[in-house]
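Have a look at the structure below before the remarks.
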Amino acid sequence: MNKHKRLKKSFKPTFSKFGGSLPIFSHKDAITAALAEPSSGLIICGQTGCGKTTQVPKYILEAGLSSSKMIAVTQPRRVAAVTIAQRVAHELGSSCGQTVGYSVRFDKRVSDDTKICYLTDGMLLREAILDPTLSKFGVIILDEVHERTVSTDVLMAIVKKLRETRDLKVIVMSATIDIPKISEYFGIDKVVSVKGRTYPVEIYNLKQPEGNYVDNAMISILQTHLEHPEGDILCFLTGQEDIEDLQSLLEEKIELGKHPDYNMAPLVVVPLYANLPNHLQLRAFEKCEGRKVILATNIAETSVTINGIRYIIDSGLCKMKSFQTTTGVDTLKITAISKNSATQRSGRAGREAPGKCFRLYTEEIYDEMSDSTPPEIFRTNLSRVIIQLKAMGIKDVSDFDFIDKPSKQLYINAFKELNDLRCLDADANLNELGRKMSIIPTEPVYSKLLIHSTKTEYKNISKDIVIIVAMLSVENIFYAPRNFQRKAERKHKKFFVLDSDHLTLLNVYNYYIKNKGNSGFCKENFINEKSLKKATQISNQLLGYLKTLSQKSDGTVEETKAEVINELDMIAKEADENYDRNQLITKCLYEGLPLNTYQCHENIYRSTKTHEECNIHPTSVLFNKFPTYVVCSEIIITSKKYMRFCTDISKVYVKD
DNA sequence: AATCAGGAA
């Protein structure tokens with residue numbers, strides 16, 4: 001007790017002013033009382049800004065409710081886990097990694113003294129694969145549950161099950177009022193509701209459903225700018241293309257507005273989407289001359305928060321990925337958002353002061369929207385989830401107790417894929433390959449390819465496959481801003497390896513390493529530096545896992561694989577190495593990616609297995625080249641069914 | 001001659 005009094009005294013004054021008025025404070029006793037018993041549970045319902053994420057773990061710690069074990073707090077996003085941990089550590093007057101720490105991919109600050117650990121939901125899930133009882137933790141706090149990420153859904157089920165077998169306390173935190181469902185699922189009847197700290201936002205709807213939404217957005221933005229007092233504008237659109245279109249439209253009008261007859265007040269247009277290079281993303285957060293209008297994708301709905309926003313323009317649309325069970329392919333389609341999303345978007349205007357939200361859709365359209373976005377687990381390829389569950393020793397995964405159970409068809413598709421990958425035994429349990437795959441943090445298709453590449457027949461190309469997989473997992477290596485499109489494409493072409501997107505990615509990476517990760521090199525060639533940095537981290541991590549997996553039972557490491565690690569630095573020197581090596585990589589891609597082989601007949605590609613038609617993606621180096629046989633690593637339906645990332649395998653293809 | 005939601009391990 002004494003100790004905690006001391007901790008309280010060391011609150012920094014900057015925080016005590018803010019913290020003192022947190023709505024969560026008045027619920028402290030109720031929260032600690034609810035968690036007194038072993039295996040007790042609590043649901044906390046509260047909007048962002050009520051202080052639940054930062055304060056509740058401290059209450060638990062102060063009251064000694066986690067015995068000597070750690071308190072885990074999960075977050076859907078890594079930045080959130082890191083920044084919240086740093087902040088709570090600061091509030092307790094200690095540095096991050098002592099009493100309060102965090103654990104996210106590539107970054108971990110945890111010590112023997114750590115009592116509160118913020119981690120991403122994906123990270124806690126990994127812990128559960130290594131230790132299915134999560135024995136380190138006495139209390140698990142699942143935060144932002146309303147976002148319903150796949151990892152959160154899996155964790156909810158795991159935690160629910162663990163509470164039946166050992167003393168584990170659980171707190172489920174959610175911003176929405178779908179509390180009865182959570183309450184019934186966990187069998188927890190204690191609920192604390194906390195008010196948020198937000199200001200009212202006036203909502204305006206479109207009167208008539210007319211015009212396209214990019215034009216409507218432009219008109220609304222200009223009207224808001226001309227008729228409303230200061231405060232920045234945030235406009236939600238669906239993707240990069242809309243954003244760039246609207247940006248050009250607005251900039252034209254702004255140019256006109258500069259004419260002395262109009263003398264329009266300054267307005268600055270700032271795009272914001274995930275694939276934008278870092279230095280351009282930052283512009284959304286910087287102060288600027290005059291009013292700022294940010295044109296954003298869904299990234300601004302939950303992932304980033306921008307200060308100074310008073311006006312929202314909401315298209316009511318977003319792009320959503322869905323797994324199509326009929327074809328087993330992902331689709332990415334423009335979809336109407338849900339009522340919850342609409343509320344979340346409008347709320348972005350009321351964080352600091354009262355705001356206004358202009359919805360580019362009628363009230364009737366709003367009424368027809370679904371209440372909430374379908375959970376991700378309904379829309380995803382389940383193969384990775386199944387491998388994870390099997391790795392935790394759960395046998396009957398299709399009966400697994402999810403809060404919302406995915407359809408049987410999703411399971412059937414996933415099992416089909418896992419069978420094709422040959423990672424299950426006759427009883428549908430993981431075989432040796434499957435167990436190895438469960439350790440590697442990539443999509444099953446890629447973990448299979450990685451393990452496949454370590455076969456001796458491929459000599460030492462494993463490290464190249466690792467790089468290719470790392471590059472595929474970051475996407476958007478090449479960046480082409482609208483104003484520099486031609487120039488960017490010319491620069492990009494220099495890196496093209498003419499018969500393969502995969503070898504092209506490898507080539508870019510090798511040049512990047514050769515230039516020692518130089519920022520100038522990236523900028524000059526319109527290459528996304530952020531992506532390449534991440535690819536470097538991923539390939540190092542993947543190499544590490546492959547090394548562990550290749551360890552023999554006597555603990556020694558097979559020589560070839562150990563060599564792989566040391567060779568990473570040498571890559572640059574052998575970047576232009578010969579044709580034979582590329583041939584081996586091509587062969588490995590062909591044999592390790594058995595799902596997607598396509599044959600060309602009169603410029604039309606059909607699957608060699610199902611004979612279904614597919615097109616080469618316009619961004620591929622093979623676009624309009626029509627080699628006879630190609631293998632691809634990703635298929636997605638947008639406007640058409642596309643193969644992204646293809647390699648010409650005509651020279652190595654063997655007919656069945 | 002056309003494309004590119006967001007997150008995580």
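A note on names: the letters A, B, ... follow the listed sequences, proteins ahead of strands, and every chain is numbered from 1.
Taking the side chain of A:Gln240 as heavy atoms from C-beta on, and the options B:dT3, B:dA8, B:dA5, the nearest nucleotide is B:dA5. Closest to the A:Arg105 side chain, of the nucleotides B:dA9, B:dG6, B:dA5, is B:dA9. Side-chain proximity of A:Pro441 to the nucleotides B:dG6, B:dA9, B:dA5 is greatest for B:dA9. The side chain of A:Lys319 has B:dA5 as its nearest neighbour among B:dT3, B:dA5, B:dG6. Which of B:dA5, B:dA2, B:dA9 sits closest to the side chain of A:Lys321 comes down to B:dA5. Distance from the side chain of A:Glu443 is smallest to B:dA9 among B:dC4, B:dA9, B:dA1.
Residue contacts for A:Glu127: at a heavy-atom cut-off of 4.0 Å it reaches no nucleic acid atom on any strand shown. Heavy atoms of A:Tyr642 sit under 4.0 angstrom from primed sugar atoms or phosphate atoms, though from no base atom. At a threshold of 4.0 angstrom between heavy atoms, the contacts of A:Ser303 are confined to the sugar-phosphate backbone, with no base atom among them. Looking at heavy-atom distances under 4.0 Å, A:Val150 makes no contact with the nucleic acid at all. Within the 4.0 angstrom heavy-atom criterion, base atoms lie near A:Glu376. Note on A:Thr335: nothing from the nucleic acid sits closer than 4.0 angstrom, heavy atoms only. Nucleic acid contact class of A:Leu332 (heavy atoms, under 4.0 Å, all strands): base. Nucleic acid contact for A:Arg384: none, since no nucleic acid atom lies under 4.0 Å from a heavy atom of the residue.
To the nearest angstrom, P of B:dG7 lies 10 Å from CG of A:Leu272. Separating the CG atom of A:Asn603 from the C1' atom of B:dA1 is a distance of 13 Å, rounded to the nearest angstrom. Between A:Gln388 atom CD and B:dA9 atom C1' the separation is 8 Å, expressed in whole Å. The separation between A:Phe623 atom CZ and B:dC4 atom P is 12 Å, rounded to whole Å. Atom CZ in A:Arg482 sits about 13 Å away from atom P in B:dT3, given to the nearest Å. Residue A:Lys333 contributes atom NZ, which lies 11 Å from atom P of B:dC4 at whole-angstrom precision. When rounded to the nearest whole Å, the span between CZ of A:Phe236 and C1' of B:dG6 equals 12 Å. In this structure, A:Leu276 atom CG and B:dC4 atom P are separated by 17 Å, rounded to whole Å.
Using a 4.0 Å cut-off, some side-chain N or O of A:Thr120 falls inside it from OP1 or OP2 of B:dA9. Residue A:Ser151 places none of its side-chain N or O atoms closer than 4.0 Å to OP1 or OP2 of B:dG7. Phosphate contact (OP1/OP2 of B:dG6, side-chain N/O of A:Thr297, threshold under 4.0 Å): present. Side-chain N/O atoms of A:Tyr273 include none lying less than 4.0 angstrom from OP1 or OP2 on B:dA5. OP1 or OP2 of B:dT3 sits under 4.0 Å from a side-chain N or O of A:Ser639.
With pairs defined as Watson-Crick or G-U wobble and both atom distances under 3.5 Å, not a single stem of at least three pairs touches DNA chain B.
Although no hydrogens or angles enter the test, the distance criterion places a donor-acceptor pair under 3.5 Å between the side chain of A:Gln47 and the main chain of A:Ala175. Under the 3.5 Å distance criterion, the side-chain polar atoms of A:Arg126 are matched with a main-chain donor or acceptor of A:Ile439.
Of the residues listed (A:Thr373, A:Asp404, A:Asp178), the one engaging A:Arg148 in a side-chain contact (heavy atoms from CB on, under 4.5 Å) is A:Asp404, and it is the only one.
The closest side-chain donor-acceptor pair between A:Thr305 and A:Asn307, if any, does not fall under 3.5 angstrom.
A cation-pi contact, defined as under 6.0 Å to the ring centre and within 45° of the axis, is absent between A:Lys405 and A:Phe400.
Note on ring orientation: taking the six-membered ring where Trp is involved, the planes of A:Phe478 and A:Phe495 are tilted (angle from 30° to 60°).
DNA chain B is contacted by both A:Met123 and A:Ala480; A:Ala480 maps to the nucleotide lying nearer its 5′ end (nearest heavy atom per residue).
Rounded to the nearest 0.5 angstrom, A:Ile141 CD1 and A:Cys117 SG are separated by 11.5 Å. Here the CD1 atom belonging to A:Ile468 is positioned 12.0 Å from the OH atom belonging to A:Tyr509, to the nearest 0.5 angstrom.
Looking at residues two or more places apart in sequence or on another chain, you find no side-chain contact (heavy atoms from CB on, under 4.5 Å) involving A:Glu602.
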